[in-house]
Amino acid sequence: MVHRQFPRPAEILDLMQFKKPELNAKKRRLDGALTIYDLQRIAKRRTPKAAFDYTDGSAEGELSLSRARQAFEDIQFHPSILKDVSAVDTRAQIFGGESAMPFGIAPTGFTRLMQTEGETAGAGAAAAAGIPFTLSTLGTTSIENVKATNPHGRNWFQLYVMRQREISYGLVERAAAAGFDTLMFTVDTPVAGARLRDTRNGFSIPPQLSLATIANAIPRPWWWWDFLTTPKLEFASLSSTGGTVGELLDSAMDPSISFEDLDIIRAMWPGKLVVKGVQNLEDSKKLVDLGVDGIILSNHGGRQLDRAPIPFHLLPEVAREVGHHTDIAIDTGIMNGADIVASIALGAKFTLVGRAYLYGLMAGGREGVDRMIAILSDQIVRTMKLLEVQTLEELTPAHVTQLQRLVPRAP
């Protein structure tokens, strides 16, 4: 029989510990974000629809992106037991240097449209975390300002080959002069993908006002205040603006890009040269034979060819065939530190996050990017400890099984 008694006031007070309220609204908001999806939801609330959809969306039916994210969920881990993991080492060696974590910030275009701090927030957060930051050809902060923000860290530059080759050559020279150590030669954008959300939203550079955009802006006055009271957006690679993103890309990109362009850029660049946008094994082998310093398996975040190959599915075969000869990195669909651990286990040396970074930026500027890095870092460390591995080098394909969902039909 249960013995009951009247509780003593002192005992009640011991049991009822009231949490001190956080008065800083931004910190309260970000502290409540426990996953990248939480940051995504905050970003959606705080950003006008057109700008948010530019980040969140992908091409046509958005199948490439949804399949890439699903592929990371369709895995099974295989942990070991009874190993000392009181401390783990998350340092990665990639493209001739070190990163404190096995992920870096991917190149993103038009970033200050998402949140006014833009690349400055990304580069500053990367510097604080000891991970690389990548500036896009279509970035909204200059090469020199990124270097000033991250003077001692690893800065990478992502290059599009433009119709006006002199623009691309000039950017290469400036990035080299600023001490950027790695150049990403991007090969998956001969023309712009059909990003239907942007078309439906009338998303343009600069933003065009309509009754719909004004109505959408009313509950988000902070975004417009930031946009209107900070320096005008400038694009290092665009001589003119005034059209949809797709129109701007199509006017700038050159569908005649070839291996000859790769040779020219390689001769100009003094640092590490990696090719971004590789989507099959044969191209991976050819690039290794040509002696590039690395390849990035990527379908551009699903923003170019819809129904493109899933980089995470390509990874095991490419890693087996060429992983001993070059560094392999991977992007597209990463939303959890466990996705990064699985990628390393299956042969990637490194990963890049784009949307996760932008969700953090839109959710809270520099502090939001810091929070994004902290979330992924905590998930990586926890996953490694639960797998009972102390270093990234201990991760092997035996730790991961890719479960089948999309299986090719026999011809």
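These figures come from a predicted structure and were not determined experimentally. All residue numbers in this chain count up from 1 along the given sequence.
- For Phe312, the ring-ring contact (aromatic ring centres under 6.0 Å, His included) partners are Phe72, not counting sequence neighbours.
- Side-chain contact between Thr137 and Leu171 is present, with heavy atoms from C-beta onward closer than 4.5 Å.
- Minimum interatomic distance between Ala129 and Ile373 (heavy atoms only, all atoms of both residues): CB-CG2, 3.7 Å.
- No donor-acceptor distance shorter than 3.5 angstrom exists from the side chain of Asp331 to the backbone of Leu352, with no hydrogens or angles considered.
- The two atoms that bring Gly365 and Glu117 nearest to each other are CA-OE2, 3.3 Å, heavy atoms only.
- Note that CG of Asn155 is 10.5 Å distant from CD1 of Ile143, once rounded to the nearest 0.5 Å.
- In this structure a side-chain-to-backbone donor-acceptor pair under 3.5 Å is missing from Asn145 to Thr141.
- Looking at every heavy atom in both residues, Tyr37 comes nearest to Met335 through CE2-CE, 3.4 Å.
- With 3.5 Å as the limit, one finds a donor-acceptor pair spanning the side chains of Glu119 and Thr140.
- Among residues two or more places apart in sequence or in another chain, the side chain to side chain donor-acceptor pair (under 3.5 Å) test is passed with Asp263 by none.
- When ring centroids are compared, Phe95 and Trp156 come within the 6.0 Å threshold.
- In this structure, Ile334 CD1 and Asp339 CG are separated by 6.5 Å, a value rounded to the nearest 0.5 Å.
- Under a 4.0 Å N-O distance rule, the pair Glu367/Lys26 qualifies as a salt bridge.
- Counted by atom type alone, His78 and Thr401 present one or more donor-acceptor pairs between their side chains at under 3.5 Å.
- Phe259 places a side-chain heavy atom less than 4.5 Å from the side chain of Lys286.
- A side-chain donor from one of Thr230 and Thr116 sits under 3.5 Å from a side-chain acceptor of the other.
- Counting only N and O atoms by type, the side chains of Gln304 and Arg195 include a donor and acceptor under 3.5 Å apart.
- In summary, the side chains of Tyr359 and Asp56 do present a donor paired with an acceptor at a separation below 3.5 Å, with no hydrogens or angles considered.
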